[in-house]
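Here the structure is laid out as structure tokens; the discussion comes afterwards.
In what follows, chains are A, B, ... by sequence order, proteins preceding strands, each numbered from 1.
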Amino acid sequence: MGLGPAGALLVTLAALSLPSMVMVGRSFPVRVILAMAGGVAVLGLGAAGLLVLLS
Amino acid sequence: MSNIVPPADLAPVGSPGPLSSVPRRPLLVGLTAFAAVAVAGLTWAKWDPYWHKLFHVLATANLGTSILTGKAKAPPAPSWHAALSYTIAYGKSIWIALVAALLIASAVEAFLPRRWLLAVLQRGHSRLAGSVAGGLLALPCMMCTYCTAPLTVSIRRQGVPTSSALAYWVGNPTLNPAVLAFLAIVLPWQWVTVRILIGVVLVVGVTTVVGRLSPGELDATASQTMVPPVPSGATDLDGPTTLAGAGRRFLVALGRLSVTLLPEYLVVVLLLGGLRGWLFPVGHSLAGLGVLAVLVFAVVGTLFVIPTAGEIPSSRDCWGPVWDSARPAPCW
């Protein structure tokens, strides 16, 4: 399995979730929520790379 | 009966101004009431339990098994039982924090003078400063991704700008000091380092940039008279001026937050919990996928819901030792 997927989960599992996005969905424009989700997923990739790099 | 001025009549203001013309007593009473609810709620739900858990983790260096798999080696295949068992496990894990979050969120709307909230979270015209403020405020709250939601909804209702509110929303679970401490104790140094570095980029950097997608807020080109739009549900800048008004507002907010919370919780958590066997493909099916596995987990992780610190055993187990060996789940 390896460190890559672990690194991705380390950040993305915690940061956001579908229920939370639905709950705050009316408080922000939809594009803001989607951009945050995209940002978290991309940073998850970054975390995977960084964890592998450092280990 | 109530002396509260409806928000629609409120004259627009820039950053909250000086308090000299405002009667101080209602402000102070409101602030004290809010602080009491917040401190009591956070102590009960977060500070006290984590203080004890810290000593436990220091002594045993063990965070237990992943909520995704329980005692098994892999998440269960999709089924109604998988859905129900996850929903119950997750619910048991978060219900105290959820109750605290609902009470504090209602207190934000009912007791905390909006002027003070904005003074903390709206830093002039700077989105970056707002994000930093939101992130810092998130640190003592330590809520998981789901329990953060009612608090975020409440501060947005009160007109907190997008970047600050987003930073508070993701900062709670991502930069939770207790989780960072557990990570540092239980796993190699690289894990907590990655979490902090990526976490700061997310909470401060990404939220500042994404905040630009909310038009009309904090325009740098605006003159002093340009204001963020006041949400229609926001309270008077100086908080409620009668006890009855505050109490009524508290109950209304609590009712509204609870009603929107529970049905959605049940449906989405049941769905995610039931499908976790598909969402987290482990072992042989993923072994050959390499980088694609990282992508899958990045997307699934973004969507999936986990209690505070639940990501530690889950990502640690993903690392391999549990599923590759015949030994029981490791006690680090």
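- Ranked by heavy-atom pairs under 4.5 Å with chain A, the list B:Gly211, B:Gly205, B:Pro173 is led by B:Pro173.
- In this structure a side-chain-to-backbone donor-acceptor pair under 3.5 Å is present from B:Gln190 to A:Leu54.
- Contacts of B:Leu272 with chain A are made by side-chain atoms alone, with heavy-atom separations under 4.5 Å and no backbone atom involved.
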Using side chain to side chain contact (heavy atoms under 4.5 Å, CB included), reason through B:Thr152 and A:Phe28 one step at a time and then give a plain yes or no.
CA-CA 10 Å; B:Thr152 306; A:Phe28 299 103; 3.9 Å; yes
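- Between A:Pro19 and B:Val269 there is a side-chain heavy-atom pair separated by less than 4.5 Å.
- Chosen from A:Gly49, A:Ala47, A:Ala48, the residue pairing most often with chain B at heavy-atom distances under 4.5 Å is A:Ala47.
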For B:Val210 and A:Arg31: C-alpha separation, side-chain torsions, deciding distance, then whether side chain to side chain contact (heavy atoms under 4.5 Å, CB included) applies.
CA-CA 9 Å; B:Val210 171; A:Arg31 59 180 178 273; over 6 Å; no
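- Residue with the most contacts toward chain A among B:Val268, B:Ile198, B:Val299: B:Ile198 (heavy-atom pairs, distance under 4.5 Å).
- Heavy-atom minimum distance, A:Ser27 versus B:Arg156: O-NE, 2.9 Å.
- Both the backbone and the side chain of B:Leu261 come within contact range of chain A, each with at least one heavy atom under 4.5 Å from a heavy atom of that chain.
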Please walk me through it: do A:Leu18 and B:Val305 pass side chain to side chain contact (heavy atoms under 4.5 Å, CB included)?
CA-CA 7 Å; A:Leu18 189 59; B:Val305 68; over 6 Å; no
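- Contact tally against chain A (heavy-atom pairs below 4.5 Å) for B:Val206, B:Leu303, B:Thr174: the top residue is B:Leu303.
- For a residue to count as touching a neighbouring chain, one of its non-hydrogen atoms must lie under 4.5 Å from one of that chain's; by this rule B:Tyr265 does not touch chain A.
- Within the 4.5 angstrom heavy-atom criterion, only side-chain atoms of B:Leu183, from C-beta onward, approach chain A.
- Counting heavy atoms from C-beta on, the side chains of B:Val170 and A:Met36 come closer than 4.5 Å.
- Closest approach of A:Leu10 to B:Trp191, counting heavy atoms only: CD2-O, 3.5 Å.
- Here the shortest heavy-atom pairing between A:Met23 and B:Ala149 reads CG-CB, 3.3 Å.
- Between the side chain of B:Arg195 and the backbone N or O of A:Val11 there is no donor-acceptor pair closer than 3.5 Å.
- Heavy atoms of A:Ile33 lying under 4.5 Å from chain B belong exclusively to its side chain.
- Contact tally against chain B (heavy-atom pairs below 4.5 Å) for A:Gly7, A:Gly46, A:Ser55: the top residue is A:Ser55.
- At distances below 3.5 Å, at least one donor-acceptor pair connects side-chain atoms of A:Ser20 with backbone N or O atoms of B:Thr145.
- Your options are A:Leu51, A:Val40, A:Leu53, and the one with the most heavy-atom pairs under 4.5 Å with chain B is A:Leu51.
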Before you tell me yes or no, could you show the steps for B:Phe304 and A:Thr12 under side chain to side chain contact (heavy atoms under 4.5 Å, CB included), namely the whole-Å CA-CA distance, both residues' side-chain angles and the distance that decides it to 0.1 Å?
CA-CA 8 Å; B:Phe304 208 84; A:Thr12 61; over 6 Å; no
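- Counting non-hydrogen atoms of neighbouring residues, nucleotides and ligands closer than 6.0 angstrom, the CH2 atom of B:Trp278 reaches no more than 12 such neighbours.
- For the pair A:Ala35 and B:Leu213, the tightest heavy-atom approach, listed with the atom from each and the gap, is CB-CD1, 3.6 Å.
- Taken to the nearest 0.5 Å, the CD1 atom of B:Ile312 stands 11.0 Å off from the CG atom of A:Leu13.
- Using a 4.5 Å heavy-atom cutoff, the side chains of A:Pro29 and B:Ser214 are in contact.
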